[in-house]
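Quantities reported herein were computed from a predicted structural model and do not represent experimental measurements. Order of listing sets the numbers, starting from 1, for every ligand and every atom in it.
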Amino acid sequence: MITSINKNEIADLWNRLAERFNTHLPLGKIHPDAAVNIHVGWPVLFQQIEYQAKFLGVKKCKILDFGCGAGEFIKRLHKKGHSVVGIDHSENMLFAARKFLPKNIELVHGNHESPIFDDPKYHEGFDIITAVHSLEWIEDIETTFNNFAKVLRKGGIVLFAVFPKSHIVDSIKIKDLFEDFDSPTDPTVGYANFSGVRVPVYIRDASFFDKYFEGNGFQKILEVYPPYPKYFFREYNWSGSKEPEMMILSYRKL
Ligand SMILES: C[S@@+](CC[C@H](N)C(=O)[O-])C[C@H]1O[C@@H](n2cnc3c(N)ncnc32)[C@H](O)[C@@H]1O
């Protein structure tokens, strides 16, 4: 069970994890936990971003990446010509991002309650909000999504990847990464233990997200569970669960 922890303490846990989520390094030096995002999640997101540009009839999109970490994902989006803003609550993650990202990429130090969500400069300004493994660490997810809705234009999408429950159930079984859950068969809250850095994690089914978004003026447009590519197991010496590691969902603001 989760012992009480405040937002600054959580941000500090992520400061301690900045070296693990080192997606800005050359491919061979990237930690397997971070490499999953690159090889499994990002390709799906890139494709959906292309579809969204077509849907809106624009060449390039305005994208907010929530929990941007070391920033490699937004660097690639910027290279494709999109206009991107990254937000993260970890100073150490942003320190890495600032070192190698082009200076015209805006990086914001803040969390899901950041004042940027009420800043008129961003009001209904984004075509897309992305979040790759950055939402399952948040207990108050409704506030987070209410804030996303404020800065998303009509027709804009929220596009995010979180752990599916089946991955957590299997990981608990093989005693990898996840521990101290409320249930081994229907886990909803517990910890991810990154070599001793224990971060509270909240596991939600697709039906939870459907209910929130469909009740708040959004339409569901995507639910996929991309498989690991075979080469990934070999190249990264993967010892974790082989159950799909990501549930990728997307909802459009009507
Ligand atoms: C697993 S890393 C993923 C980083 C990046 N999205 C990627 O694809 O590699 C999770 C990131 O979310 C950030 N994060 C977690 N909770 C957050 C919150 N409440 N507000 C802002 N950032 C948060 C962490 O600091 C970390 O950079």
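Within the cation-pi definition used here (under 6.0 Å to the ring centroid, within 45° of the axis), K80 qualifies as a partner of F46. Cation-pi geometry between R198 and Y191 is met: the NZ or CZ atom falls under 6.0 Å from the ring centre, inside 45° of the normal.
For K150, the NZ atom sits in a packed shell: over 12 heavy atoms of surrounding residues, nucleotides or ligands are nearer than 6.0 Å.
Atom CZ of F163 sits about 5.0 Å away from atom CD of E136, to the nearest 0.5 Å.
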Note down each nitrogen or oxygen pair, ligand 1 side and protein side, whose separation is under 3.5 Å; give only atom names and the distance to 0.1 Å.
from, atom 1, to, atom 2, distance (Å)
ligand 1, 6 (N), G67, O, 2.8
ligand 1, 6 (N), V132, O, 3.1
ligand 1, 8 (O), N37, ND2, 3.4
ligand 1, 8 (O), W42, NE1, 3.2
ligand 1, 9 (O), N37, ND2, 3.1
ligand 1, 14 (N), H89, NE2, 3.3
ligand 1, 16 (N), H89, NE2, 3.4
ligand 1, 19 (N), H112, ND1, 3.0
ligand 1, 22 (N), H89, N, 3.3
ligand 1, 25 (O), D88, OD1, 2.6
ligand 1, 25 (O), H89, NE2, 3.3
ligand 1, 27 (O), D88, OD1, 3.4
ligand 1, 27 (O), D88, OD2, 2.6

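Just one residue in the list H82, R153, K60 forms a side chain to side chain donor-acceptor pair (under 3.5 Å) with D127, and that residue is R153.
Taking the six-membered ring where the residue is Trp, F66 and F117 present tilted rings, their angle falling between 30° and 60°.
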